[in-house]
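Before any comments, here is the structure.
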Amino acid sequence: MNTHLTVYNSLKREKETFSTIHEGFVGMYVCGPTVYNDVHLGNCRTFVSFDIIYRYLLHLGYKVRYVRNITDVGHLLDDGEDRMLKGAKADQLEPMEVAQKYTLGFHHMMRIFNTLSPSIEPRATGHIPEQIEMVQQILDNGYGYEANGSVYFDTTTFAEKTGEYGKLSGRIIEELQAESRVLKNQDEKRHPSDFAIWMKASSEHIMKWNSPWSVGFPGWHLECSAMSTKYLGKQFDIHGGGNDLKFPHHENEIAQNVGSCGCQPARYWLHTNMLLLNGKKMSKSDGNTISPTELFIGDSNHITRAYSPMVVKFFMLQCHYRSTLDLTDEALQAADKGYRRLMEALKKLKTMKATSDNGSMDAEVDGLLETMYTDMNDDFSTPKALATIFELVTRINTMADAGPEAGMISVTCLDRLKKTLHVMLFEVFGLLDEGEADGQGQAVHGLMHLILELRQAARTNKDWPTSDKIRDGLAALKIQVKDGKDGSNWSFQ
RNA sequence: GGUCUCGUGGCCGAGCGGCUAGGCAGAGGUCUGCAAAACCUCGUACAGCGGUUCGAAUCCGCUCGAGACCUCCA
């Protein structure tokens, strides 16, 4: 198996061979959601992407510590109001109730998308001492200054001494300093490009903590620096997040890490691209959005019908994580069909038999399985891997049609095909076969088997009216009957 | 205004200098009692205009168009 993994590093703007700091171990930090609101689909795309990256690394045999934070304090809006407080006011709740409510909602959605839980999911409010400590280190190192109880990061000094500011996002410090935007507490900053690492709280502010500088709260960017350092060390392998976090969030995060510890936090920075809705970025704040739930129940004027979670996930997999993905009704319909075709082929594969020791298609199948890994090793290219998998789907259908006596695949190759495909689709991509239900589903399978037997009897007797009545009746129940060479099959439409 | 990304056949979406993915839709065929499913065959697409090269969707320049970031966002 080809295990030469390359990843696109945003920091270098090129693909690099992936190698770890500690042999066999991967430390990965991904910026999680701010829990003041229901998750939307864009968040889901990012976390699904990193889930597949996490799963693939595990599959390659790495021991991965995957840290994804929950932001429950510190995001300031334009008017200086805290996001969490805004959410609290809107729902008439304690800030912690807001955080709890939306954290649970987020976890629920992540389960629906069948993603694995991160190894550690730290909360910003649970790491105030660590953040205070980091502010102190930054001050000690001369990269911060205090003003009226708030502490700011001194980007100018930092840029002069290290030359590190702006590298990730391609910003030029002089241009950032020329920014003339008027923001709250702008007068306390020495330069517009400076940013708060500790904010003094006003009297009405609910979430606040004691610190050497004031009763206040940490800056937004600080939590990630502090928590990644705590759980993954000063230097770790992968840092991920959405493209829209590159600046200022990740740029400032790097500044804080370098400013406090003296080194770049992550070797590889991975950024997922945005999910668009009908050509425009989906965003919580501007209303151009469709929620996962709306998508699943078909309740939105952007779509004509409902799409299941796995269809949506499959739709996401057809596009590379670094490309924008445009969500349209038409594209979802195509994904729906493609996903079903894939699952049907897998079903066929389950019952497929091989008799020969040497299959005429063995080499081709093995070649495609190998290609599938090459695809994934190319910066986790799920679209390429999926294309290769569909090449396999065609082969599977051909072999199933021909039957075992055709000698197309050997026992060992078939076994390999089954296992490898199963691993890639269910363990790495984290797809679920939604047709495979348990409990009631078992009964349905039994009933369908019985019904198809009765229909087969009618067909043997050339009793076409009965045969067609069964088929049409099932079709009305959205069950499609598929007649093949050796008997009939069925699936939900 | 600044920084950056992108523009691929009816739709979505790979492609990173020669071997021209894949899905959906469409056409023809095989199979079938009919239909569906499945399989086989088919589309010579790369925004436009120049340039580099033996050769460009792929590199360079310009034009047009779209999007992202620059301010909270995954």
Side-chain angles (χ1 to χ4, degrees), chain A residues 13-15 30-34 36-37 39-50 71 75-79 81-83 86 166 169-172 175-176 178-179 181 183 220 240-249 271-276 279-286 314-315 318-320 322-339 341-342 344-345 348 371 375 378 381-391 393-402 459 462-464 467-468 471-472 475 480-485 488-491 493:
Chain A
R13 291 160 210 269
E14 62 186 21
K15 277 187 197 167
V30 172
C31 290
T34 304
Y36 68 102
N37 204 320
V39 262
H40 75 119
L41 213 55
N43 291 306
C44 295
R45 182 195 182 195
T46 292
F47 300 129
V48 162
S49 296
F50 282 109
T71 297
H75 260 186
L76 291 180
L77 299 170
D78 273 353
D79 54 8
E81 193 173 20
D82 189 295
R83 272 189 183 281
K86 193 180 180 187
S169 57
R171 304 295 139 143
I172 296 158
E175 287 177 5
L176 290 168
E179 186 70 49
R181 193 183 306 275
L183 291 167
W220 168 41
N243 213 219
D244 49 357
L245 293 182
K246 254 190 201 167
F247 190 88
H249 183 61
H271 287 97
T272 57
N273 218 136
M274 296 297 104
L275 180 66
L276 309 180
K280 290 261 161 58
K281 180 188 168 186
M282 262 202 212
S283 164
K284 280 183 198 175
S285 37
D286 67 13
F314 179 85
F315 168 70
Q318 281 186 301
C319 173
H320 189 90
R322 274 190 294 115
S323 300
T324 51
L325 172 61
D326 192 8
L327 184 109
T328 60
D329 192 55
E330 250 187 321
L332 283 169
Q333 284 192 29
D336 188 16
K337 292 245 180 118
Y339 168 72
R341 184 163 163 236
L342 177 60
E344 282 303 305
K348 275 190 199 171
T371 303
D375 296 334
D378 181 10
S381 184
T382 54
K384 283 209 265 185
L386 226 37
T388 303
I389 289 168
F390 272 99
E391 294 276 349
V393 166
T394 301
R395 305 302 188 286
I396 290 167
N397 284 326
T398 302
M399 293 186 285
D401 275 9
R459 293 181 75 206
K462 295 196 190 295
D463 178 3
W464 308 129
S467 162
D468 290 352
R471 186 176 67 195
D472 296 344
Q480 183 183 37
V481 175
K482 299 167 182 180
D483 296 330
K485 264 188 171 170
S488 302
N489 219 321
W490 67 278
S491 69
Q493 274 173 8

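A note on names: the letters A, B, ... follow the listed sequences, proteins ahead of strands, and every chain is numbered from 1.
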- Are A/E391 and A/R395 within salt-bridge range, i.e. N to O under 4.0 Å?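 A/R395 and A/E391: salt-bridged.
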
- Query: What about A/R471, does its side chain sit under 3.5 Å from the base of B/rA35 through a donor-acceptor pair?
  - Reply: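 Yes, a donor-acceptor pair under 3.5 Å.
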
Give one of base, sugar-phosphate or nothing for [X], where a contact means two heavy atoms less than 4.0 Å apart.
X	answer
A/G241	sugar-phosphate
A/S467	base
A/K462	nothing
A/S381	nothing
A/Q333	nothing

- Task: Could you pick out which residue, A/E330 or A/D401, lies toward the 5' side of RNA chain B when each is mapped onto its nearest nucleotide?
- Result: A/E330

- Hey, which sits more toward the 5' end of RNA chain B by its nearest nucleotide, A/L245 or A/D468? A/D468

Counting Watson-Crick and G-U wobble pairs only, both distances under 3.5 Å, name the nucleotide matched with [N], or none.
N	value
B/rU71	none
B/rG15	B/rU8
B/rA38	B/rU30
B/rU44	none

- Query: Which whole number of Å gives the distance between the C1' atom of B/rA14 and that of B/rA45?
  - Reply: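 Those two atoms are separated by 13 Å.
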
- Message: Between B/rA57 and B/rG17, how many Å separate the two C1' atoms, rounded to a whole number?
- Response: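 Approximately 11 Å lies between the C1' atom of B/rA57 and that of B/rG17.
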
- Message: Check whether A/R471 reaches the backbone of A/S467 with its side chain - one donor and one acceptor, N or O, closer than 3.5 Å.
- Response: no

- Message: Going by salt bridge (Lys or Arg N to Asp or Glu O under 4.0 Å), name the pairs with one or both residues in residues 322-332 of chain A, residues two or more places apart or in two chains.
- Response: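 Every salt bridge (Lys or Arg N to Asp or Glu O under 4.0 Å) pair that includes a residue of residues 322-332 of chain A, provided the two are not neighbours, is A/R322-A/D379.
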
